[in-house]
Visitor: 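What follows is a single structure, and I will ask about it in a moment.
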Amino acid sequence: MKKAIAIFIIVLLFITIGTLLFLRVNEDTWICSNGVWVKHGNPTASKPTTNCADVKGAVSTVNQNANIILDSPKAGETIGPEFVIKGKARVFENQLNFRVRDAKGNPLIEGTMAAKASGAGQYGPFEVSISSTPKGKATIEVFDKSAKDGVESDKVSITVTIK
């Protein structure tokens, strides 16, 4: 009897492990977000060299498992000195960060914002208005920041031109 129970437990364990492996989603990959390749997790493969989307007018492919999805502005877009960063996110305590950098990589504007999610693990919309940015190429970054050690994760980064 004890032998039958032990065999049953082992078989059940194998079925459970097999099911978990089958349902597992690859979190370590490159995703195409707003026309640019974005590192998601810690992929072992190098950044893809192919163009992930036609930046002019085409809708970018977005990994449905991404924690931050930037809707506006779009990569490659020409925007005014006053613009809105918006999208949706599912991040810890609904808090996320943004940064605008100039062409040399210097931070121009940094801040935090909240996603308005209805519950833990749910996407919620976010929006922040930016004003008085200098003309030229700029990089917009939206990311989660670890409260534990300040490490940035799930970063979405796009390049735009400010007119």
Visitor: Looking only at heavy atoms, which two atoms of K74 and V160 are closest? And how far apart?
Guide: O-CG1, 3.6 Å
Visitor: Under the side chain to side chain contact (heavy atoms under 4.5 Å, CB included) rule, what do I130 and I85 come out as? Steps first, then yes or no, please.
Guide: CA-CA 7 Å; I130 307 295; I85 299 172; 3.9 Å; yes
Visitor: For I162 versus A138, what's the shortest heavy-atom pair and its separation?
Guide: CD1-CB, 3.7 Å
Visitor: Does any pair with a residue in residues 97-113 pass salt bridge (charged side-chain N to carboxylate O under 4.0 Å, His left out), and if so which ones, sequence neighbours excluded?
Guide: R99-E110, R99-E141, R99-E152, R101-E141
Visitor: So, taking the atom named CD1 in I68 and the one named NZ in K155, what distance separates them when rounded to the nearest 0.5 Å?
Guide: 10.0 Å
Visitor: For a 4.5 angstrom cut-off between non-hydrogen side-chain atoms, does L108 reach P134?
Guide: yes
Visitor: Check the pair I109 / F98 against side chain to side chain contact (heavy atoms under 4.5 Å, CB included), numbers first and verdict last.
Guide: CA-CA 8 Å; I109 300 169; F98 68 91; 3.8 Å; yes
Visitor: Taking atom CD of E82 and atom OG of S129, what is their separation to the nearest 0.5 Å?
Guide: 9.0 Å
Visitor: Crowded around K86 NZ? As in, over 12 foreign heavy atoms under 6.0 Å?
Guide: no
Visitor: Grab the two heavy atoms, one from G121 and one from R90, that are nearest each other, plus how far apart they are.
Guide: O-CD, 3.9 Å
Visitor: Using the rule given for side chain to side chain donor-acceptor pair (under 3.5 Å), can you reason through K137 versus T161, listing the C-alpha separation, both sets of side-chain angles and the distance that settles it, and then say yes or no?
Guide: CA-CA 4 Å; K137 293 282 186 189; T161 302; 3.2 Å; yes
Visitor: Any idea which heavy atoms bring P81 and T133 closest together, and the distance?
Guide: O-OG1, 2.9 Å
Visitor: Hey, is the main chain of N97 close enough, under 3.5 Å, to the side chain of T112 for a donor-acceptor pair?
Guide: no
Visitor: I need the T159 OG1 to I140 CD1 distance, nearest 0.5 Å.
Guide: 9.0 Å
Visitor: What pair of heavy atoms forms the shortest contact from L96 to A89, and how long is it?
Guide: CD1-CB, 4.1 Å
Visitor: Evaluate the side-chain proximity of P107 to V100: yes if any heavy-atom separation is below 4.5 Å, no if none is.
Guide: no
Visitor: Output every pair passing salt bridge (charged side-chain N to carboxylate O under 4.0 Å, His left out) with a member in residues 123-132, not counting sequence neighbours, ordered by first then second residue.
Guide: none
Visitor: Check residues 143-150 and write down every donor-acceptor pair under 3.5 Å in which the side-chain atom is one partner and the other belongs to a residue at least two apart or another chain.
Guide:
{"from": "S146", "atom 1": "OG", "to": "K148", "atom 2": "N", "distance (Å)": "3.1"}
{"from": "S146", "atom 1": "OG", "to": "D149", "atom 2": "N", "distance (Å)": "3.3"}
{"from": "S146", "atom 1": "OG", "to": "D149", "atom 2": "OD1", "distance (Å)": "3.0"}
{"from": "D149", "atom 1": "OD1", "to": "V151", "atom 2": "N", "distance (Å)": "3.2"}

Visitor: Of the non-hydrogen atoms in G87 and D71, which two are nearest, and what is the gap between them?
Guide: CA-OD2, 3.4 Å
